[in-house]
2 protein chains.
Amino acid sequence: MKRDMKKEVFREFIAREGLKSTRQRDIILDFFLSSKRHMSVEELYRKLRARHPGIGYATVCRTLKLFAQSGIAHEIHFGDGQTRYEHLVEGEHHDHLVCTGCGAIAEFENKTIEDLQKDVADSHGFIIHSHKLELYGLCAKCRK
Amino acid sequence: MKRDMKKEVFREFIAREGLKSTRQRDIILDFFLSSKRHMSVEELYRKLRARHPGIGYATVCRTLKLFAQSGIAHEIHFGDGQTRYEHLVEGEHHDHLVCTGCGAIAEFENKTIEDLQKDVADSHGFIIHSHKLELYGLCAKCRK
DNA sequence: TCCTAATTGAAAATGATAATCAAAATACAT
DNA sequence: ATGTATTTTGATTATCATTTTCAATTAGGA
């Protein structure tokens, strides 16, 4: 399934780049893939540390960056100074609804919006490589 | 016109909050309003400093934050670790096209996209307070 | 003018990430 | 299995943009 596919993609990335497969990378990858999406580095480190006290913060940072480079994860910034990573299969994309009340994050995709973005870019002579769309507000629970 | 209106809005903000009108705030406001949009704090500080050597970095940071609070400016983050401010009249809104080649920034507005965003939010039970849409790619010059 | 509270600028603190570096681990050839 | 060159690790230190601190200054009302 998807999970093993990502592990395979990362394995290939490691091999292609001449990097090494290590105990720490395996542990972090397993933990990352079985965690909820959109975890901040700090949060992931804290939770991982409870089970694997030996792993350093620097290693977690480095390894998450590698996940992003390999294409199995994506780095996201919501403007709160925390870097978050979400696991993601290559080519997949979605945008975020962020609740400013409780911090909940919902994902969505909207083909029409993406098409309109392309139109906007065209009219300015730009070629888009990536985009970021975030909607901030209150979720159903918090708006009460 | 717009420029004086913003100065007036800020003046009212200062009064309402029980803050004081100072020489530094006046200088920074004038400089900010007559500068190009999307300046980073560092860039603004550097240019301001050339004309007014006495003003400290901390004061510039603090004052720009006040501009944002008063509603005459908006804080933006493009993910490069630099905070930028743009001057803006209350209620105005636009999104950005960012050239990853030369750093050029173009602005756009698209009512249809905004409407679709609202639809998305509705379908998730969210109420949107703000949003961020950034398109990253190459501008006409850099794509050659 | 006087007085109190806000503001300033310089320097130190913060907070998240990145770089350094000696020690440990890995991959590969033998 | 062993050696060895190379990469990786974890602890520590550095970085970088912003914030905070704090004593000195300044604003604005009494």
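- Listed by first and then second residue, the salt bridge (charged side-chain N to carboxylate O under 4.0 Å, His left out) pairs involving residues 31-43 of chain A are A:Lys36-A:Glu43, A:Arg37-A:Glu107, A:Glu42-A:Arg46, A:Glu43-A:Lys47 (not counting sequence neighbours).
- We find the CG-CD1 distance between B:Leu48 and B:Ile27 to be 7.5 Å, quoted to the nearest 0.5 Å.
- When all heavy atoms are compared, the tightest approach of A:Asp95 to A:Lys132 is OD1-C, 4.5 Å.
- Looking at every heavy atom in both residues, A:Leu88 comes nearest to A:His74 through CD2-CB, 3.5 Å.
- A:His124 contributes atom NE2, which lies 13.5 Å from atom SG of B:Cys99 (distance to the nearest 0.5 angstrom).
- For DNA chain D, the outermost nucleotides in 5' to 3' order that have an atom under 4.0 Å from a heavy atom of chain B are D:dA17 to D:dG28.
- Across residues 20-35 of chain B, B:Lys20, B:Thr22, B:Gln24, B:Arg25 each have a non-hydrogen atom less than 4.0 Å from an atom of DNA chain C (numbered order).
- Nearest heavy atoms, A:Ile128 versus A:Ala121: CG1-CB, 3.3 Å.
- Remark on DNA chain D: of its neighbouring residues A:Thr59 and B:Cys61, the 5'-side contact belongs to A:Thr59, judged by nearest-heavy-atom nucleotide.
- Checking each of A:Tyr85, A:Phe13, A:Phe32 against A:Phe67 for a ring pair (Phe, Tyr, Trp, His ring centres under 6.0 Å) leaves exactly one that passes, namely A:Phe32.
- If you check every strand for non-hydrogen atoms under 4.0 Å, A:Glu42 touches nothing.
- For the helix from C:dT1-D:dA30 to C:dT30-D:dA1, the rotation axes defined at the first and last 5 base pairs enclose an angle of 20°, given to the nearest 10°.
- Note that the first and last nucleotides of DNA chain C, 5' to 3', having any atom under 4.0 angstrom from a heavy atom of chain A are C:dA16 to C:dA27.
- Map B:Thr83 and A:Leu66 each onto its nearest nucleotide of DNA chain D; the residue landing nearer the 5' end is A:Leu66.
- The same ILVMFWY cluster, assembled from side-chain heavy atoms under 4.5 Å apart, contains both B:Phe10 and B:Phe31.
- In this structure, B:Asp30 pairs ionically with B:Lys7, as a charged nitrogen and a carboxylate oxygen lie closer than 4.0 Å.
- Taking the nucleotide of DNA chain C with the nearest heavy atom to each of B:Leu19 and B:Arg49, the more 5' of the two is matched to B:Leu19.
- The OG1 atom of A:Thr83 sits 9.5 Å away from atom CG of A:Leu64, with the distance rounded to the nearest 0.5 Å.
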For a quick test of your reading: what N or O donor-acceptor pairs under 3.5 Å do the side chains of residues 135-144 of chain A make, sequence neighbours left out?
residue	atom	partner	partner atom	Å
A:Tyr136	OH	A:Phe78	O	3.4
A:Tyr136	OH	A:Glu134	OE1	2.5
A:Arg143	NH1	B:Gly125	O	2.8

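- Panel note: side chain B:His131, backbone A:Leu97; no donor-acceptor pair is recorded below 3.5 Å.
- From B:Ile113, atom CD1 reaches atom OG1 of A:Thr112 across 10.5 Å, with rounding to the nearest 0.5 Å.
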